[in-house]
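What's counted below: heavy atoms across the whole structure, side chains too, no hydrogens, waters or symmetry copies. Counting from 1, the numbers follow the sequence of the chain as shown.
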Amino acid sequence: MESCLTFRRIPILKTLTDRVRNKIPIIVLSAVLSPLAALGQETDSIIGRPYKSFDTTAFCSYREFHPSQYLTDNNWDILCAFTEPGKTVKLDSLGISYNKSQLRLLEVGNLLSHENGIYTTIMPIFGKTETQTIRRQSKEFADSIFAVIEPELKQLIADLYKAGYAKQTYSLIFSYMLDTYIWDDERLASPMSYEDHGTWTGAYWAMFAPRSHVKIGTNGFGPIRQNWTDDLGYWLKTEKLIDFAKEVNKTQGDPIENKEVINEIAGWGLTDQDGTILIPIMRVGNNDKIDVLCKSITSQLSAAVKSYCHSWSAEHNIATETTGQIIFYHEVMWDLLDILESKGMIAMPPILKGEEVGKEHFGDICFIVLED
């Protein structure tokens, strides 16, 4: 899945939170390698490795241009070359073609900086050895913090079942708590409030190589959230979800009255024929049992991540601690999901596995977020 959309609440504006996993293998087409290709065959080299062999994450909001849209032509090779700062002669020595327009485009996208003839890649790109180190660190961190939050996680899962959200529990634990609730600026920075890069805000980075777990993420459409995986076979059109989001904004969780919208989303497990909402409505800040547990768990998580990243960010040459927190927590998040699944505490719904269960199960991976 190349991208996932998110929309601001009011007004509803096009933005994006993108977590990309690409699975296309590196293919050597010739026995005679160019300098660039030869470097790409080295065990720990970034240069020469194609974009699609990386686990690329764009945790961002945008209106017109997503950061990946600046990677036209061979711009990715240029970024990889300048992870170690240098002049344009470096590109010549590597056999990387370029022109001034490409370099300027990467500067406009705030992926590349230029000062006194020296180009430096701004986007964090991690090679094989460093990625392995980071993932070992995140696994150790996740194992440690899980022992602290496990009792509350068990209680939260039990309370979700009691609330009638058994079908959506997986998505509520991952997409709501771990991937929505925590990004509120008080705990960890949200993509809409983080660094401004001109045409987008947030963070964009790449790690070599993808994790083994199926790529999973969260789409946002105003107050509507949708859990997704690369294997998901049922997708309600964005325009229809936006229309639904607008009605939910109007009714704040009460039945929607717009018959046209009800008909648009009929059969997708979101409302019944009378407009009554069928998916969970999560009210942030209302201090019910579920909200209190989500607040406690994510507060402990974010505090631990912030403490850990005081030194971790600098160790990995990440420009700011906030960027480090975003990158590190994304790794921790996948490790926590692995633990939850391995312990049998949550199980991925069939629809997320790509099983042909029918579009009515789309509601199993959707929920609404409203703030009191």
Distance check, rounded to the nearest 0.5 Å: [X] atom [atom1] versus [Y] atom [atom2]?
{"X": "R187", "Y": "D185", "atom1": "CZ", "atom2": "CG", "answer": "10.5 Å"}
{"X": "C294", "Y": "L172", "atom1": "SG", "atom2": "CG", "answer": "8.0 Å"}
{"X": "I157", "Y": "M345", "atom1": "CD1", "atom2": "CE", "answer": "4.0 Å"}
{"X": "L111", "Y": "Y70", "atom1": "CG", "atom2": "OH", "answer": "8.0 Å"}
{"X": "I279", "Y": "I281", "atom1": "CD1", "atom2": "CD1", "answer": "7.5 Å"}
{"X": "T323", "Y": "H316", "atom1": "OG1", "atom2": "NE2", "answer": "14.0 Å"}

In one Ile/Leu/Val/Met/Phe/Trp/Tyr side-chain cluster, 4.5 Å: [X], [Y]:
{"X": "L232", "Y": "F221", "value": "yes"}
{"X": "I242", "Y": "I256", "value": "yes"}
{"X": "I118", "Y": "I125", "value": "no"}
{"X": "M348", "Y": "L178", "value": "yes"}
{"X": "Y170", "Y": "L278", "value": "no"}

Report yes or no: does [X] contribute a side-chain atom to a donor-acceptor pair with the main-chain N or O of [Y] at less than 3.5 Å?
{"X": "E247", "Y": "F244", "result": "no"}
{"X": "N227", "Y": "I365", "result": "no"}
{"X": "T169", "Y": "Y165", "result": "yes"}
{"X": "S307", "Y": "A304", "result": "no"}
{"X": "T276", "Y": "D272", "result": "no"}
{"X": "S302", "Y": "T298", "result": "yes"}
{"X": "E371", "Y": "R283", "result": "no"}
{"X": "E130", "Y": "G127", "result": "no"}
{"X": "N75", "Y": "L71", "result": "no"}
{"X": "T229", "Y": "K215", "result": "no"}

Exercise. Show your working on ring pair (Phe, Tyr, Trp, His ring centres under 6.0 Å) between Y194 and W183 and close with a plain yes or no.
Key: CA-CA 11 Å; Y194 186 48; W183 304 113; 9.9 Å; no
Is it true that, when you exclude [X] itself, more than 12 heavy atoms of the residues, nucleotides or ligands shown sit nearer than 6.0 Å to its [atom1]?
{"X": "E257", "atom1": "CD", "answer": "no"}
{"X": "K167", "atom1": "NZ", "answer": "no"}
{"X": "E84", "atom1": "CD", "answer": "no"}

Report yes if some heavy atom in the side chain of [X] is under 4.5 Å from a heavy atom in the side chain of [Y]; otherwise report no.
{"X": "T56", "Y": "M207", "answer": "no"}
{"X": "L337", "Y": "E341", "answer": "yes"}
{"X": "V369", "Y": "Y181", "answer": "no"}
{"X": "L112", "Y": "I122", "answer": "no"}
{"X": "Y119", "Y": "L106", "answer": "no"}
{"X": "I290", "Y": "M282", "answer": "yes"}
{"X": "S175", "Y": "F367", "answer": "yes"}
{"X": "S97", "Y": "N74", "answer": "yes"}

Using 30° and 60° as the class limits, which term best fits the ring planes of [X] and [Y]: parallel, tilted or perpendicular?
{"X": "W334", "Y": "F174", "result": "parallel"}
{"X": "Y308", "Y": "W312", "result": "tilted"}
{"X": "H197", "Y": "W200", "result": "parallel"}

Self-check item: Derivation of the ring pair (Phe, Tyr, Trp, His ring centres under 6.0 Å) call for F362 and Y234
Solution: CA-CA 7 Å; F362 188 72; Y234 299 92; 8.4 Å; no
[X] and [Y]: which non-hydrogen atoms are nearest, and at how many Å?
{"X": "G324", "Y": "S313", "result": "CA-OG, 3.4 Å"}
{"X": "A189", "Y": "I326", "result": "CB-CD1, 4.4 Å"}
{"X": "I145", "Y": "Q300", "result": "CD1-O, 4.2 Å"}
{"X": "Q325", "Y": "V305", "result": "O-CG1, 4.0 Å"}
{"X": "P67", "Y": "A58", "result": "CG-CB, 4.2 Å"}

Quiz item: Yes or no on ring pair (Phe, Tyr, Trp, His ring centres under 6.0 Å) for F59 and H330, after CA distance, side-chain angles and deciding distance?
Solution: CA-CA 9 Å; F59 182 67; H330 270 82; 5.1 Å; yes
Quiz item: Would K306 and E321 count as a salt bridge (Lys or Arg N to Asp or Glu O under 4.0 Å) if you check the C-alpha gap in whole Å, the side-chain angles of each, and the deciding distance to 0.1 Å?
Solution: CA-CA 8 Å; K306 288 177 180 177; E321 280 192 29; over 6 Å; no
Quiz item: Given D254 and I277, is the side-chain contact (heavy atoms from CB on, under 4.5 Å) satisfied, shown in steps?
Solution: CA-CA 7 Å; D254 290 336; I277 294 171; over 6 Å; no
Practice problem: Before giving the answer on side-chain contact (heavy atoms from CB on, under 4.5 Å), spell out for L336 and L301 the whole-Å C-alpha distance, their side-chain angles and the decisive distance to 0.1 Å. | Solution: CA-CA 11 Å; L336 290 174; L301 272 174; 3.7 Å; yes
Quiz item: Cut-off 3.5 Å, side chains only: do D196 and T201 have a donor facing an acceptor?
Solution: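 No.
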Practice problem: Would you mind checking if D243 and K240 are paired as a salt bridge, meaning a charged N to carboxylate O distance below 4.0 Å? | Solution: no
Quiz item: Are any of the side-chain nitrogens in D55 or R135 under 4.0 Å away from the carboxylate oxygens of its partner?
Solution: yes
Self-check item: Working for side-chain contact (heavy atoms from CB on, under 4.5 Å), residues I368 and R225
Solution: CA-CA 6 Å; I368 292 168; R225 297 292 187 277; over 6 Å; no
Self-check item: Stepwise side-chain hydrogen bond (donor to acceptor under 3.5 Å, both in side chains) test for N258 and E264
Solution: CA-CA 10 Å; N258 190 318; E264 279 184 356; over 6 Å; no
Quiz item: Given N286 and D288, is the side-chain hydrogen bond (donor to acceptor under 3.5 Å, both in side chains) satisfied, shown in steps?
Solution: CA-CA 6 Å; N286 72 343; D288 63 9; 3.2 Å; yes
Quiz prompt | Worked check of side-chain hydrogen bond (donor to acceptor under 3.5 Å, both in side chains) between T199 and E64 | solution = CA-CA 7 Å; T199 66; E64 295 179 0; over 6 Å; no
Quiz prompt | Cation over ring face, R49 and F54, 6.0 Å, 45° | solution = no
Quiz prompt | side-chain contact (heavy atoms from CB on, under 4.5 Å) assessment of I327 paired with F126 | solution = CA-CA 11 Å; I327 293 173; F126 302 98; 4.2 Å; yes
